[in-house]
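Values reported hereafter were calculated over all heavy atoms of this structure, with side chains retained and with hydrogens, waters and symmetry mates removed. The first residue of the sequence shown is numbered 1, and numbering continues consecutively from there.
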Amino acid sequence: MTLRAFFIDFNAYFASVEQQLRPELRGLPVGVVPVMAETTCCIAASYEAKAFGIKTGTQVAEARRRCPGIQIVQARPPVYVDFHHHLVKVVGDQIPVDRVLSIDEMVCTLDRRQSQRTVAEDLARQVKQAIYAAVGEQMRCSIGIAPNGFLAKLASKLEKPDGLVVIEKEALPERLYGVDINELYGVGPRMIERLNNLGIFTMEDLYAASKATLQHAWNGIEGERMYERLRGEQVYTPPTRKSSLGHSHVLAPESRSPQAAWAIIQKLLQKAATRLRHEQLVSGRLLLQLDYFDKRSWRDKLKLDPSDDTLELLRALKMLWRRRPREAPPLLRVGVVLADLGEKRGHTLSLFAEADNEREQLNMAMDAINEKFGRHSVYFGGAHTARDSAPMRIAFTHIPDPQLEGDT
Ligand SMILES: [Mg+2]
């Protein structure tokens with residue numbers, strides 16, 4: 001009776017939606033792209049395309065080389081968001097959905113009765129049938145069932161497509177031996193490096209490590225939590241109360257003109273706004289910081305009607321940018337901070353259920369694409385020239401979040 005979490009991950013989600021809506025694509029290798037261009041990358045690949053080694057991030061030209069017959073299809077974010085709503089509802093009719101983690105992932109809690117293995121497995125099959133019947137047979141998902149959400153998510157990755165994997169507490173840790181530690185949520189390339197330096201390369205090593213070792217690897221409490229999660233414990237993580245969030249960037253020589261710097265500043269704001277929405281917060285104050293080569297700096301702030309809307313925030317940013325001193329030394333560093341953070345009112349279960357107007361729909365569709373597939377797949381035009389600078393990791397007031405940083 002140790003099963004508590006039920007995790008659903010849709011397989012090749014965007015490609016599956018396209019195959020559902022366009023029967024002529026079914027059974028064929030399909031690559032979904034943000035724009036129709038040979039230089040862009042696939043943001044999703046159907047299982048038929050995956051068989052050719054094509055995956056998220058494969059360039060279109062490369063995909064055609066590996067699979068000359070591949071169908072390249074342009075992404076339709078609003079359609080994927082609609083499907084998402086429908087899927088959440090259909091799943092919710094079978095078992096209450098606790099949290100929507102991304103456009104194709106959700107987690108549910110099993111009740112006492114459902115914590116029995118056979119009951120949980122029946123429920124999983126029932127959820128899959130309900131999806132096929134109500135949304136379509138192309139909408140396959142992998143379901144993971146485990147003592148906590150962390151292990152349930154991992155379980156959902158072990159069998160694809162159309163998987164159903166149960167990990168019982170009694171089967172730990174042996175059940176996970178052989179699984180790549182890369183697959184663990186929150187373990188990105190930098191953490192792998194830290195773990196490797198501590199002699200941890202495999203799941204066996206990870207389970208053999210002491211709590212103190214993991215504390216050392218994660219630099220604190222998060223290591224202790226990882227130790228417990230791996231053992232099937234339910235770990236309570238207190239919500240962090242942030243007062244501000246922001247990003248800054250040291251300008252490369254070619255980005256020091258006001259025009260190039262302005263593009264980067266807009267991009268920093270778009271990143272911060274994405275985080276704001278991810279954390280279901282609104283901001284009541286925007287700060288712009290400019291540091292110059294001669295060590296002088298300028299900063300100014302603007303009070304806002306609390307908002308999480310990128311276009312609204314960009315408008316305020318433009319006002320601040322216009323106030324900057326015109327006679328100034330070359331710029332060295334730029335930064336944007338969203339302050340006076342508050343909870344978004346009327347916040348509901350689902351990240352997407354709130355899209356009650358067009359603007360929110362737009363923000364959410366952009367977040368969904370950017371969070372899941374490539375950091376800058378879509379963005380507002382002003383940041384265009386800054387697309388390749390200001391890497392995600394340069395930040396000064398937040399702890400990198402693997403889901404948002406695209407770390408894995
Ligand atoms: Mg998926």
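A heavy-atom distance below 4.5 Å is found between the side chains of Ile145 and Leu164. Contact annotation: the side chain of Val91 approaches that of Cys108 to within less than 4.5 Å [non-hydrogen atoms, C-beta and beyond]. Looking at Leu288 and Trp298, their side chains come closer than 4.5 Å, going by heavy atoms from C-beta outward. For the pair Phe10 and Leu87, the minimum side-chain heavy-atom distance is below 4.5 Å. Between Leu338 and Leu313, the closest side-chain pair of non-hydrogen atoms falls below 4.5 Å. Counting heavy atoms from C-beta outward, Thr40 and Val60 have side chains that approach closer than 4.5 Å. The closest side-chain heavy-atom distance from Asp111 to Ile95 is not below 4.5 Å. Residues Val187 and Tyr185 have side chains not in contact (no heavy-atom distance under 4.5 Å, counting atoms from C-beta outward).
Nearest heavy-atom pair, Asn11 versus Ser16, reported as atom, atom and distance to 0.1 Å: O-OG, 2.8 Å. In plain terms, the two heavy atoms of Glu168 and Leu3 that are nearest each other are CG-CD2, 4.0 Å. In terms of heavy-atom proximity, Ala44 sits nearest to Ala15 at CB-N, 4.1 Å. Shortest non-hydrogen contact noted between Leu304 and Ser283 is CD1-O, 3.8 Å. Closest heavy-atom contact between Ala272 and Leu245: O-CD1, 3.4 Å. Looking at every heavy atom in both residues, Ala134 comes nearest to His86 through O-CE1, 3.4 Å.
Counting non-hydrogen atoms of other residues, nucleotides and ligands closer than 6.0 Å to NZ of Lys301 gives a total of 12 or fewer. Other residues, nucleotides and ligands contribute over 12 non-hydrogen atoms within 6.0 Å of the NZ atom of Lys211. No more than 12 heavy atoms of other residues, nucleotides or ligands lie within 6.0 Å of NZ in Lys55, so this atom counts as exposed by the packing criterion. Atom CG of Asp305 sits in a sparse spot, with 12 or fewer heavy atoms from other residues, nucleotides or ligands closer than 6.0 Å.
The pair Arg229-Glu233 fails the salt-bridge criterion, with no side-chain N (NZ, NE, NH1 or NH2) lying under 4.0 Å from an Asp/Glu carboxylate O. Taking the charged nitrogens against the carboxylate oxygens, Glu193 and Arg190 have no contact shorter than 4.0 Å, which rules out a salt bridge. Comment: Glu228 does not engage Arg225 in a salt bridge, judged by the lack of any side-chain N to carboxylate O separation of less than 4.0 angstrom. A salt bridge links Asp162 and Lys128; the closest N-O separation between the charged side-chain nitrogens and carboxylate oxygens is under 4.0 Å. For Asp291 and Arg299, the salt-bridge test passes: some basic side-chain N is under 4.0 Å from an acidic carboxylate O.
By the side chain to side chain contact (heavy atoms under 4.5 Å, CB included) test, Ser257 is found to be paired with Gln259, Ala260, residues two or more places apart in sequence or in another chain being considered. Partners of Tyr47 according to the ring-ring contact (aromatic ring centres under 6.0 Å, His included) rule, which considers only residues two or more places apart in sequence or in another chain, do not exist here.
Leu276 contributes atom CG, which lies 11.5 Å from atom NE2 of His278 (distance to the nearest 0.5 angstrom). How far OG of Ser248 is from CD1 of Ile264: 11.5 Å, rounded to the nearest 0.5 Å. Here Gln215 contributes atom CD and Glu224 contributes atom CD; the two are 4.5 Å apart, rounded to the nearest 0.5 Å. Taken to the nearest 0.5 Å, the CZ atom of Arg117 stands 10.0 Å off from the CD atom of Glu170. Atom SG of residue Cys41 and atom CD1 of residue Ile43 lie 10.5 Å apart, to the nearest 0.5 angstrom. The CZ atom of Arg99 sits 5.0 Å away from atom CG of Leu101, with the distance rounded to the nearest 0.5 Å.
No side-chain donor-acceptor contact under 3.5 Å links Tyr132 to the backbone of Arg140. A donor-acceptor pair under 3.5 Å is formed between the side chain of Ser142 and the backbone N or O of Gly163. At least one donor-acceptor pair closer than 3.5 Å links the side chain of Gln59 to the backbone N or O of Thr39. For Thr274 (side chain) and Gln270 (main-chain N/O), a donor-acceptor pair under 3.5 Å exists by modelled atom type. The closest donor-acceptor contact from the side chain of His247 to the backbone of Leu268 lies at 3.5 Å or more, if one exists at all. Of the possible polar contacts, none joining the Arg194 side chain to the Trp218 backbone as a donor-acceptor pair under 3.5 Å is found. Side-chain atoms of Asp205 come within 3.5 Å of backbone N or O of Thr202 as a donor-acceptor pair. Of the possible donor and acceptor atoms, none in the side chain of Arg4 sits under 3.5 Å from a partner among the backbone N and O of Leu110. Not a single donor-acceptor pair under 3.5 Å links the side chain of Tyr177 to the backbone N or O of Leu172.
Seen from the ring of Trp321, Arg323 does not count as a face-on cation partner, given the 6.0 Å and 45° thresholds. With a 6.0 Å cutoff to the six-membered ring centre and a 45° limit on the axis angle, Arg231 counts as a cation-pi contact of Tyr227.
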Can I get a per-line list of side-chain donor-acceptor pairs under 3.5 Å for residues 23-38, giving both atom names and the distance, sequence neighbours left out?
from	atom 1	to	atom 2	distance (Å)
Glu24	OE2	Arg22	NE	3.1
Arg26	NE	Gln19	O	2.7
Arg26	NH2	Gln20	O	2.7
Glu38	OE1	Arg64	NE	3.0
Glu38	OE2	Arg64	NE	3.3
Glu38	OE2	Arg64	NH2	2.9

Do Tyr13 and Glu18 pass the side chain to side chain donor-acceptor pair (under 3.5 Å) test, and can you show the C-alpha distance, the side-chain angles, and the key distance before you say yes or no? CA-CA 9 Å; Tyr13 178 63; Glu18 294 298 340; over 6 Å; no
Report the C-alpha distance between Glu105 and Lys153 in whole Å, list the side-chain angles of each, state the deciding distance to 0.1 Å, and finish with yes or no for salt bridge (charged side-chain N to carboxylate O under 4.0 Å, His left out). CA-CA 9 Å; Glu105 290 179 317; Lys153 183 176 166 90; 2.7 Å; yes
Is there a side chain to side chain donor-acceptor pair (under 3.5 Å) between Arg277 and Thr310 once you walk through the steps? CA-CA 10 Å; Arg277 290 190 293 271; Thr310 298; 2.8 Å; yes
Dump the intermediate steps for side chain to side chain contact (heavy atoms under 4.5 Å, CB included) on Leu286 and Leu317, then the final yes or no. CA-CA 7 Å; Leu286 175 66; Leu317 185 69; 3.9 Å; yes
Side chain to side chain contact (heavy atoms under 4.5 Å, CB included) between Phe6 and Thr109, intermediate numbers included: CA-CA 6 Å; Phe6 185 99; Thr109 303; over 6 Å; no
Residue pair Leu290, Leu332: steps toward the side chain to side chain contact (heavy atoms under 4.5 Å, CB included) verdict: CA-CA 8 Å; Leu290 306 176; Leu332 176 62; over 6 Å; no
Mind running side chain to side chain contact (heavy atoms under 4.5 Å, CB included) on Met226 and Leu230 for me, showing each step along the way? CA-CA 6 Å; Met226 183 60 73; Leu230 283 166; 4.1 Å; yes
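Side-chain polar atoms of Glu48 and Ser46 form a donor-acceptor pair below 3.5 angstrom.
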